[in-house]
Structure formats: C-alpha cells, structure tokens
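Step one of this worksheet: look at the structure below.
When reading the values below, keep in mind they use all heavy atoms of this one structure, side chains included, and skip hydrogens, waters and symmetry mates. Here the structure is a predicted model, which is why all the values come from computation and not from measurement.
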Amino acid sequence: MKKYFVGLIVTALALLGVTAPAVYAEGEESGTVEGSSLRMTPIGVRLRLTAGETLQGDMKACQTSVTDSCSVEVTNVGNQKFSYKVNFTPYSVVDNANNVQFTDGENSTHTQIARWLQVRDNDGVYKDSATFTIGPGETQKIYYRIQVPENIPGGSQYAVLWAQILNDNANASGIQTAGQVGSTIIGRSTGEANESAELSNVKMSWFALGGEIKAGAKVKNSGNTDFDVKYTYTANTLLGREVFKKSEQTLAFPGIEYEPSITWDEAPMLGILHTEFTISAGDKSETIRHIVIIMPLFAIILLVLLLTVIITWIIIIIRKRKERKARKLV
C-alpha cells in the first residue's frame, strides 16, 4: 500500500499549493539542503481500531510493518534551525482519480479519526496540536494518541498528520506556514467491515481497426472500507497461444465510482483472437470472453471490393445461364 500513501501526500501538497523544498520518502537520498526543510517517516500507516481503546506509545496495536509505535520521525534536512507545528486533518477522496481534500467532505463517517487524534508535546501532554523547534540535521520522534470511541462506525477512517514549517516573518501579520510534510493514518475498525461493490458495464472490444483494443467496467464502492479493484485482460490466438496479458489494480474508496480499464496499444493489425477480461472488486467478480476481429480500414476496403467483384461475377454468370436457356427454348 506504500505507493498509495505516496500518491496521497503528493496530491495533498499540490492541492494545498504549498512547497516544501525537500520532502523525502523512506529510502531516498537526504543530503542537507539550503533553507528550512523537513523529512518525515513513515509516509503512512494502517492501524486496527477497537471500540473504546486508546492507542499510544509502543502499544502492540500501534506496531505495523513500517513503525514500532504510534509515532513519526521528523528530520531537519536543511541548514537552519526552525519551529514547526504538528496537527491533524481529515482527508476524503473526492473523485475516481483518488484526488483528496482535507475536510470531512460529503461522507464524514470515514474521517472521524481526525477528531480522535492528539500529539504529545514536550511536556508529555497530549493536545490537538503542538509546536516544536528543531536544529539542522536533528531527528525528533513525535508521538500521537488515538482515543477510539465506544460507538466507532464500522469500516475505515482516514486522517493526515502534518508537520508544518513555521516562518516568523516580522513584516507579516503573525506566524505563517512556509511548507509542510504529512503522513497518512488509516484506521480500520475491528467492528463490521463491509467490502461491498456495485459492478456494472463490464465490456470489451469485439471489433477493432487495429492498433488499440480496450476492456473496462464501472465499479462503485458501496461498502464502508477501501479495497483493491483487480482486473486482467488476456488475448490468445485461435490455436491458444497467448499474445497479450496485462493486470492492473486501483484502490477504491467508499462512496466513489471508478471506471477501471485496460488498453492494448500495440494490438496486431490483422487477426482473430480469443479474449478474456476478468475483474474483481470487494464481494463481486465477473469474467467475459469474446472473439475479437482486428481488421484495418484498407483491408475492409479490399474485402468490400473483392466481395463486390465476386457478387458481380456471380450475377453475370446467372444472367448468361438464363440467356442460354432462353435461346434453347426458342
């Protein structure tokens, strides 16, 4: 799931219109840069949420494949000392390109976790937000706490932990944000999770002029948690030899309708193929099979001309035979 976290954070920075001169993911080079710059790890976590439980510190419930506690590490990769603020916002997916916004959105049921999150300040007190000071090359571990309510809704919850660089500009009114990095926090309730999907309009090309063949469907996540939509397109010759196979997947968020598709850009110019398109999403799956005829326009024109010649020739022969019969009768 790491690639989804990267995509969400990059999208986040783009939507906010802010710039962080150096925003690094895990494993990337992190040499010192000019100015004020932050790196944060991990870029995202998935946690199990149990009704009434409080997650904090190094509790087992906080330990995942990318972290050993409910925390993030913030590193100053710049050459200046500065202050930064840590706070939380919800994020919600707004379209089938998985673009996000940092408000509750229309479906606020899945962004409640932002209200349950708090950060631990330098005095050991958990607050909705806290400010820290960090020197060049220094790494700080920032702990957060999740107080899960007893009436937690089923499914997934989505929030972002932000570290915002503060710029105390004497010519400006107050403290301004100079840049920020974030880490996604996705919680999944131990209660009832509903991975249901609406699958429709599953189709693929049955005729093509050559060069491009498509297959796709419509999928709506009608459940309360995210899941992967997986789909595969395969093409074989009439003798059974595989000539093309491609598999893809996309992450589907609750309430969003997607149109997953696969395009075969370099299909042969001429041929007859057995094709198969398989898609699975949540609790639904479907497979369709077709014979696909691939014939370029010039081949169609030649075929039409050939058929025209053949039909004309047959008509001429039939007329000649009728004329011969008529002569014999006379």
Side-chain angles (χ1 to χ4, degrees), residues 1-6 8-9 12 20 23-28 30 37-77 82-91 102 110-165 180-191 193 225-226:
M1 303 303 296
K2 182 175 179 179
K3 63 181 180 180
Y4 300 121
F5 295 135
V6 175
L8 288 169
I9 294 306
V23 180
Y24 296 99
E26 292 177 282
E28 292 183 293
S30 55
S37 297
L38 279 178
R39 179 185 66 192
M40 180 183 290
T41 58
I43 55 174
V45 295
R46 281 182 173 265
L47 302 171
R48 299 290 293 177
L49 305 178
T50 302
E53 184 178 45
T54 297
L55 280 68
Q56 65 184 49
D58 59 357
M59 292 177 58
K60 186 176 181 180
C62 288
Q63 297 168 5
T64 71
S65 60
V66 293
T67 183
D68 59 357
S69 60
C70 284
S71 65
V72 295
E73 285 191 350
V74 176
T75 301
N76 181 349
V77 294
F82 58 86
S83 296
Y84 66 95
K85 177 184 177 181
V86 174
N87 67 329
F88 306 92
T89 67
Y91 79 76
F102 302 100
H110 300 289
T111 57
Q112 297 299 309
I113 189 173
R115 297 178 175 85
W116 312 335
L117 281 157
Q118 291 182 313
V119 59
R120 193 174 75 184
D121 66 11
N122 288 324
D123 297 324
V125 179
Y126 282 95
K127 299 179 178 179
D128 292 339
S129 64
T131 300
F132 305 89
T133 301
I134 189 169
E138 183 182 353
T139 296
Q140 296 177 347
K141 198 162 189 175
I142 306 300
Y143 288 90
Y144 57 85
R145 178 176 72 183
I146 307 174
Q147 293 179 299
V148 186
E150 292 287 351
N151 60 342
I152 177 176
S156 293
Q157 294 285 327
Y158 308 96
V160 181
L161 181 155
W162 295 105
Q164 301 174 318
I165 300 173
Q180 62 186 352
V181 290
S183 176
T184 58
I185 299 174
I186 298 179
R188 185 162 182 174
S189 169
T190 56
T225 187
D226 55 89

Counting distance only, does the side-chain N/O of [X] pair as donor-acceptor with the main-chain N or O of [Y] below 3.5 Å?
| X | Y | value |
| --- | --- | --- |
| N76 | G135 | yes |
| S129 | V86 | no |
| Q157 | Q112 | yes |
| T75 | V77 | no |
| D123 | V125 | no |

(Q) By the definition side-chain hydrogen bond (donor to acceptor under 3.5 Å, both in side chains), identify the one residue from R46, R188, H110 that meets it with D226. (A)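 It is R46, the one option of R46, R188, H110 that forms the side-chain hydrogen bond (donor to acceptor under 3.5 Å, both in side chains) with D226.
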[atom1] of [X] to [atom2] of [Y]: how many Å apart, nearest 0.5 Å?
| X | Y | atom1 | atom2 | value |
| --- | --- | --- | --- | --- |
| L161 | T89 | CG | OG1 | 9.0 Å |
| Q147 | Q56 | CD | CD | 8.0 Å |
| Q180 | M40 | CD | CE | 9.5 Å |
| I152 | I146 | CD1 | CD1 | 9.5 Å |
| K85 | Q164 | NZ | CD | 6.0 Å |
| L117 | N87 | CG | CG | 10.5 Å |

Q. After noting the C-alpha distance and the side-chain angles of T64 and L47, does the key distance pass the side chain to side chain contact (heavy atoms under 4.5 Å, CB included) rule?
A. CA-CA 7 Å; T64 71; L47 302 171; 3.6 Å; yes
Q: For R115, enumerate each residue passing the salt bridge (Lys or Arg N to Asp or Glu O under 4.0 Å) test, keeping only those at least two apart in sequence or located in another chain.
A: D104
Q: Tell me, please, which residues at least two apart from K60 pass salt bridge (Lys or Arg N to Asp or Glu O under 4.0 Å).
A: none
**Q.** Note: K141-D68 ion pair, threshold 4.0 Å (strictly below)
**A.** yes
I need the minimum non-hydrogen distance between [X] and [Y], along with the two atoms involved.
| X | Y | answer |
| --- | --- | --- |
| P153 | S189 | O-CB, 3.6 Å |
| P90 | T111 | CB-CB, 3.4 Å |
| T139 | E73 | CG2-OE1, 4.0 Å |
| Y144 | S71 | CE2-N, 3.3 Å |
| L55 | L49 | CD2-CD2, 4.4 Å |
| G57 | Y126 | N-OH, 4.4 Å |

(Q) Set out, in order, the CA-CA distance, both residues' side-chain angles and the distance that settles side chain to side chain contact (heavy atoms under 4.5 Å, CB included) for V72 and S183, then state yes or no. (A) CA-CA 8 Å; V72 295; S183 176; 4.1 Å; yes
Q) Per the side-chain contact (heavy atoms from CB on, under 4.5 Å) rule, which among I186, T184, I113, I185 passes with Y158? A) I186
Q. Do S83 and T133 meet the criterion of a side-chain donor-acceptor pair at a distance under 3.5 Å?
A.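 Judged by distance alone, the side chains do pair up.
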Q: Mind running side chain to side chain contact (heavy atoms under 4.5 Å, CB included) on V119 and Y143 for me, showing each step along the way?
A: CA-CA 6 Å; V119 59; Y143 288 90; over 6 Å; no
Q: Using ring pair (Phe, Tyr, Trp, His ring centres under 6.0 Å) as the criterion, point out the one residue from Y84, F88, Y91, F102 that pairs with W162.
A: F102
